[in-house]
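Reviewing the structure listed below.
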Amino acid sequence: MTETSIAIGVLALQGAFEAHAQALESLGVTARLVRTPAELKGLDGLIIPGGESTTFLKFLERDGFLGALESFVKDTPAFGTCAGAILLAKEVHNPPQTSLGVLDIAVERNAYGRQIDSAILNEQTKLPGGPLEMVFIRAPRITRTGSEVETLASRDGFPVLVRQGHLLAATFHPELSRDTRVHRLFLDLVREKRRG
Ligand code: GLN
């Protein structure tokens with residue numbers, strides 16, 4: 001099986017989808033931009049990018065998109081970054097809002113306050129290859145993780161990169177760094193799921 005036979009979608013309603021598409025292309029995977037529920041069909045995995053989760057929800061509440069996405073992420077690999085992580089979360093605070101509710105974490109939106117709401121850090125992670133650059137932009141904070149959730153990286157003691165089976169979420173923006181380790185991890189997870 002070649003890399004190109006994996007079909008990965010990037011939700012392209014709003015936000016930082018182009019950079020994700022480029023990260024995938026740099027790994028030899030063609031990204032399919034997803035703008036309608038029908039475009040979810042046939043995908044092996046989906047990236048839900050950063051942006052503004054409330055704006056995402058406005059778009060998703062049309063045409064039954066939210067419901068279609070809900071059933072998609074139940075079983076198909078999904079990777080949410082920042083606003084995407086908020087959409088995947090079971091519990092959303094500050095303020096509470098609708099979500100897909102599949103990833104067993106609680107998130108607090110815009111949790112880092114005005115002064116430090118955006119930052120570039122280099123932190124150790126569980127991924128091989130040394131410290132990872134992490135770009136945080138008005139990031140949420142993961143305040144609880146369920147027993148099925150593995151924390152792969154943290155900032156100030158709070159998880160910033162987590163995995164639960166076929167789901168991956170980052171509160172930072174790996175698509176804005178050159179390092180492709182997090183995208184590669186997602187592709188590994190997609191392949192793992194395809195193998196069954
Ligand atoms: N602050 C945004 C939200 O609450 C997330 C920011 C981002 O995705 N960079 O939805």
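What you see below is based on every heavy atom in this structure, not just the backbone, and it leaves out hydrogens, waters and symmetry mates. As the structure lists them, so they are numbered: ligands from 1, and atoms in each ligand from 1. In this chain, residues are counted from 1 in sequence order.
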Hey, are Glu192 and Arg163 close enough for a salt bridge, meaning a charged N less than 4.0 Å from a carboxylate O? yes
Does Arg144 come within less than 4.0 Å of Asp104, counting only side-chain N to carboxylate O? yes
Taking atom 1 (N) of ligand 1 as the reference point, the nearest protein heavy atom with its distance: Asn110 OD1, 2.7 Å
Indicate yes or no: does an N/O atom of Thr54 lie under 3.5 Å from an N/O atom of ligand 1? no
Run the numbers for me: atoms of ligand 1, each under 4.0 Å from some heavy atom of Arg138, listed by number. 1 (N), 2 (C), 5 (C), 6 (C)
Given the ring of Tyr112, does Arg138 sit roughly above its face, with NZ or CZ under 6.0 Å from the centre of the six-membered ring and within 45° of the axis? no
What do you reckon, does Thr81 have a nitrogen or oxygen under 3.5 Å from a nitrogen or oxygen of ligand 1? no
May I ask you to check if ligand 1 and Ala83 share an N or O to N or O distance below 3.5 Å? yes
Any donor-acceptor pair under 3.5 Å linking the side-chain atoms of His93 with those of Glu91? yes
Under 4.0 Å from a heavy atom of Ile86: give me the atoms of ligand 1 that qualify, with their elements. 3 (C), 4 (O), 10 (O)
Name the option, out of Gly51, Gly50, Cys82, Pro49, that contains the heavy atom nearest to atom 2 (C) of ligand 1. Gly51
Between Ser26 and His183, a side-chain donor and acceptor under 3.5 Å: no
How far is atom 4 (O) of ligand 1 from its nearest protein heavy atom, and which residue and atom is that? Arg109 NE, 2.7 Å
Within 4.0 Å of some non-hydrogen atom of Ser53, the atoms of ligand 1 are 3 (C), 4 (O), 10 (O)
Indicate yes or no: does Asp75 engage Lys193 in a salt bridge with an N to O separation below 4.0 Å. yes
